[in-house]
Participant: 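This is the structure, below, for whatever I ask next.
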Amino acid sequence: MENSQDESESDEQEQFLEMKPLWSLAPMFPLPMGYDVATQSTDPMLVFVTPFRPCTSPEQSPASFGQPLPKSPIPLKATPISAAFPMPRHKGGSSHDPLKDTPMSVAFPMPRHKDEPSDDPPKATPISAAFPMPRHKDESSDDPLKATPVSAAFCMPRHKDKSSDDPLKATPMSRSFPIPRHEDESSDEDYKPFSGQKKPTPLKTAKRIQQAECSNAANTKRRSIQRSLNKELAFSSFLSSDPNESVEEAMIMFDSLRRRILQLDEKEDAGKRADLKAGSLMMQNGLRINSSKIIGPVPGVEIGDIFFFRIEMCIVGLHAPAMAGIDYISAKHAGKDEILAISIISSGGYENDDNDTDILVYTGQGGNSRHKDKHDQKLERGNLALMNSMKKKSLIRVVRSAQDPFCNSSKIYIYDGLYWVEDSWTDRAKNGFSVFKYKLRREPGQQDGISVWKKTEKWKANPVTRNNVIRVDISSKAEKLPVCLVSDVDDQKGPSYFNYITGVEYSRPLSKTKPLQSCKCPSVCLPSDTNCSCAQLNCGYLPYSANGVLVKHIPMLYECSSTCQCCQNCRNRVTQKGVNLSFEVFWTGDCGWGVRSWDPIRAGTFICEYAGQVIDETNMNMGDEEDEYTFCTSWRSDKVSRWNLGAELLEEKSDNTTTENLKRLPIVISAKRSGNVARFLNHSCSPNLLWQPVQYDHGDDSYPHIMFFAMKHIPPMTELTYDYGTIGAPPGINGKIPNVCKLKPCFCGSTNCRGSF
DNA sequence: GTAACTTCAATGGC
DNA sequence: CGCCATTGAAGTTA
């Protein structure tokens, strides 16, 4: 994986090569950066073994060679544009550029919402108040607030009374500061954020109760479960000063909450709209970012970032309205006499499907309510804002949507950067009423967004259309989908030879002390069935959501086994069914070969197993040299525990058992001679994958399968990485293997990079 | 196909 | 005018 590439070790490799022809295409190559390969060791994670899977044999698939591609091997996700400020307009118009005129204004905090939680929720409140805020560059302003900049900051729950210091008036910026509140935290009731009613305000108590009663009566059958956050835990979140990290944390927290709420609700047979529950819980607790509306890029959100729910874009400040497709800044807050559009979401209804991804024809809003009479669209609200933006040549963020390839009923939203309105006219909708149309053009010079999707969709349909393919399928059909080997850089022929297998191979028998789990559930295991013995093993819940995503990281995950009575469609069988994504192994440059996916990946999705030969740590000797193709469990990233944070916020008390109980396992897996795509996963200090021990085919818990899952939503063509390193390498290994502690320089590029691993 | 749900800007009362 | 409670608009999700 990382740096030292295969190529480095020539000697050994040659031997391998000789033995197997297969796809030996890849002879060795010069070492990339001069590392001494021999010393590289990875040390890391846990490991273990599992049942075996036959090694696949190698019949090679015909390698196809593509033509040279432009080089930019990796679409870096650097933050494009200036992360902080809106870009200068392009051609004419600069003078009108709203941005220039009033830069600050864009950063104004939005008006608060009256009923912020503060008043009532004794429980809900505090949280955010303590967060430091992330800063970003706009500080420039002369704003007195200097200290903490701005907008980027989290919005906190505010309190209404304290008016005097009300930020609004005096210094707009300040609003975004977290302000701890004390007083009224205690309100009379035990408010739970997501009760059926809307946010209560004290004065409305009577009405609220009334509403609640009504709604309870109406909902006898589908109970709405109230949940609240554990404040103490919430404190620890969002501490980063880096907008990218803050956004990441908010997104991770949201989905963790959402998955856990769904899991809890399903157990009580009341699951519904967990996205809204998680979202409003965060909003009401001030756990959101970039709440001040701004024109231009949103700090921490990059072009190409994907979202699976509308409310996610609201939480990170990309697009505030919960439903409306056009977000705009009101005249008052913009300090102007007109409202201006700041972002739109194209849901796909009118998408012109030319391959021209720089143009978007967008339909205005309104006139199409299902509950009221249809009518002509009016030039007001979003429609008016877009018209004003056209006149001012003001930039607008555009979010496009695509069908989720793994879920027919859902959509994925892709942030595609800045556009400006070039033209507008009225048109006649199918229902006969008139609608506004706006032609938007993408600002040139931005990194790829939706255009990446067009390419990957084509490649998925036919991998040969991918340029610079070295081999169409290095798995030789061992995987359900081809694993493409590509290099957008000349001179790379491929990694040295290895045998592609999809699982682990054991060198000695596993302990049979513990019987295989076997539930008696008929058909499929159900979340509400408290008798399911498999659910009991997994801390009392089915570990996956209905769509197969991992809910929480747990010490050991037990999937249903061959002795369970449930069928293959049971939701508790996920990793045992193998890889489901279209991967490509590509040349990264500094980090050697890496892995990325042509599919968009939702947080919690199963990625792949760490396949290889299981070596018992205690049996390792000098001959078993640790190298970059070795997996062990010594290093655990703290990000893994943070991945569970949202879920833990819902618990009555914080039991850190999940993460604390993780013990190092004796298993060590070597993927040097045999392995799968996982052997090419690189290290990153800011990883997007985590590994989870999983058992389904044997009872030896010291040697579980090591399964990788996505920690966040991962756009197509983004490198997949996990955090591993030598820090914390087991003493046993250190003693036996020289050089194991030698750190390798890290090129992950994340802001919190440790520099080496 | 329907039901249930959200946030925010605008409005209107005091 | 300022404050704030209420209303209406917008569409997504399962």
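First the proteins, then the strands, lettered A, B, ... as listed; each starts at 1.
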Participant: B:dA4, C:dT13, B:dT7: which one has an atom nearest the side-chain heavy atoms of A:Asp275?
Facilitator: C:dT13

Participant: Taking for each residue the nucleotide of DNA chain C with the nearest heavy atom, is it A:Gly367 or A:Phe309 whose nucleotide lies nearer the 5' end?
Facilitator: A:Gly367

Participant: Report yes if at least one side-chain N or O of A:Arg288 is closer than 4.0 Å to OP1 or OP2 of B:dC8; otherwise report no.
Facilitator: yes

Participant: Salt bridge or not between A:Lys293 and A:Asp327? Use side-chain N to carboxylate O under 4.0 Å.
Facilitator: yes

Participant: Can you check whether A:Arg310 has a side-chain N or O nearer than 4.0 Å to OP1 or OP2 of C:dT12?
Facilitator: yes

Participant: Please determine whether a side-chain nitrogen or oxygen atom of A:Lys372 lies at a distance below 4.0 Å from atom OP1 or OP2 of C:dA9.
Facilitator: yes

Participant: Counting any heavy atom closer than 4.0 Å, what does A:Gly366 reach on the DNA or RNA strands: base, sugar-phosphate only, or nothing?
Facilitator: sugar-phosphate

Participant: Report yes if a side-chain nitrogen or oxygen of A:Tyr328 is closer than 4.0 Å to either non-bridging phosphate oxygen (OP1 or OP2) of C:dA9; otherwise report no.
Facilitator: no

Participant: Start at the 5' end of DNA chain B and walk down; is the nucleotide closest to A:Arg381 or to A:Leu276 reached first?
Facilitator: A:Leu276

Participant: Would A:Tyr419 and A:Asp416 count as having a side-chain donor-acceptor pair, cut-off 3.5 Å?
Facilitator: yes

Participant: Quick one: is A:Ser347 getting a side-chain N or O under 4.0 Å of the C:dT12 phosphate, OP1 or OP2?
Facilitator: yes

Participant: What's the CG-C1' distance between A:Asn547 and C:dA14, to the nearest Å?
Facilitator: 12 Å

